[in-house]
> 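Pasting a structure below so you can have a look.
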Amino acid sequence: MLADSWTTPITTTSGSWRGLLMFCAGATLVATVALQAVGRFVGFPSLVVLGLAMLVGLALLRARGRRRRRAGAVVVGVFSLVNNVHAGLFLAVLSAPASDPLQFVTCTVTWAASLLAVPVSVVAFRRPDGGGRGPVAIRQAFLIVTVLAVLVGSTLYLAPAVDQARPGDLRVARERTGWGLFTDRAGRVMAPAVLTAEPGPVAIAVTNTDPLVGATFDIDELDVQVRVAPGSTVRVVVDAPAGRYRYYDDTFLADGVLEVG
């Protein structure tokens, strides 16, 4: 019987490179679904495609036959490699975990899994039934990283948020009006949509009403870029000349206008 027969019996994945690759694909899938479940990048095509690819890869890796398992290794490896195009996003998230703890955890898991899956997929392709202690040790290290990320994210999320607003501040909030599936704003709006102020120092209290997903508050013309953690308020003071300025949440593209003058 040929080595690549479609009827090759299934061998245990415990301690195998194939098993480790399945673990990476599963972790990527779970983290991707979690991102969409809380409204982060809901309907974002690349995440939908990535999730489907991981499902297909897992099915092939679990199938009988070396050819199917190798095909699964190719699918998981290629899409994991493509997913690393988002490395800039992952690095930005990891640099500011307090502003979005949930995204910090899910992106940590996704990035670690997709990075690990690329070299593992090569080994799994060459040795679809190979075993050894190496994969077990790597999986344990991955789990430790995941647990640490969850602990950091949970600690920051549970830390009490301080309302920094003061009497007389302009107030604006990023609010959720619905799930907004398959829309850029994913059901988020900036309320109110218009703020008015006199020229000079302008104090704005920005509230993120979402209990799970962080927000940003940006005014490009005034060089304002702040992050607002879930369920918290951040106070921004800026010297604003007369004019109209767009403020927005870069996460979901929800925006409004600051009219000065």
Side-chain angles (χ1 to χ4, degrees), residues 1-38 40-87 89-90 102-150 153 181-182:
M1 184 178 291
L2 295 176
D4 270 350
S5 171
W6 291 82
T7 59
T8 302
I10 294 179
T11 58
T12 177
T13 60
S14 178
S16 71
W17 292 102
R18 178 167 62 97
L20 179 58
L21 186 59
M22 291 171 62
F23 178 79
C24 293
T28 300
L29 176 61
V30 170
T32 299
V33 171
L35 280 171
Q36 297 190 70
V38 298
R40 170 73 69 181
F41 301 136
V42 172
F44 200 70
S46 65
L47 283 184
V48 175
V49 173
L50 177 63
L52 292 175
M54 293 299 109
L55 278 175
V56 172
L58 282 169
L60 289 171
L61 287 168
R62 291 181 61 86
R64 293 178 180 273
R66 292 168 63 86
R67 290 182 182 177
R68 288 177 178 170
R69 295 173 187 171
R70 283 178 168 173
V74 170
V75 170
V76 174
V78 168
F79 279 91
S80 295
L81 181 62
V82 172
N83 190 45
N84 281 289
V85 172
H86 295 122
L89 168 65
F90 295 146
L102 186 62
Q103 189 188 15
F104 169 73
V105 174
T106 51
C107 280
T108 298
V109 174
T110 303
W111 192 24
S114 59
L115 279 175
L116 181 58
V118 175
V120 172
S121 64
V122 176
V123 182
F125 179 84
R126 299 180 62 182
R127 301 170 56 190
D129 302 311
R133 290 295 301 171
V136 175
I138 295 174
R139 184 183 307 194
Q140 291 171 344
F142 179 87
L143 287 173
I144 291 174
V145 170
T146 302
V147 170
L148 290 175
V150 171
L181 294 176
F182 307 111

> With sequence neighbours excluded, what pairs up with Val30 under the side chain to side chain contact (heavy atoms under 4.5 Å, CB included) test?
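Once residues adjacent in sequence are excluded, Val30 has no partner under the side chain to side chain contact (heavy atoms under 4.5 Å, CB included) criterion.
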> Looking at every non-hydrogen atom in both residues, tell me the closest pair between Arg126 and Arg70 and how far apart they are.
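Closest heavy-atom pair between Arg126 and Arg70: O-NH2, 3.9 Å.
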> Please report the shortest heavy-atom distance between Ala31 and Val109, naming the atom on each side.
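Looking at all heavy atoms of both residues, the closest pair is CB-CG1, 4.0 Å.
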> For Met22 versus Arg62, what's the shortest heavy-atom pair and its separation?
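The pair with the smallest heavy-atom distance is CE-CG, 3.1 Å.
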> Measure the CZ-CZ distance between Phe125 and Arg66 for me, rounded to the nearest 0.5 Å.
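If I round to the nearest 0.5 Å, the distance is 9.5 Å.
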> Measure across Leu116 and Leu20 and return the closest heavy-atom pair with its distance rounded to 0.1 Å.
CD2-CD1, 4.4 Å
> State, to 0.1 Å, how close Leu21 and Ser121 come at their nearest heavy-atom pair, and which atoms those are.
CD2-CA, 3.8 Å
> For residues Cys24 and Ala113, report the shortest heavy-atom separation together with the two atoms involved.
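Looking at all heavy atoms of both residues, the closest pair is O-CB, 3.6 Å.
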> Cut-off 3.5 Å, no hydrogens considered: what does the side-chain donor-acceptor table look like for residues 47-60, sequence neighbours left out?
none

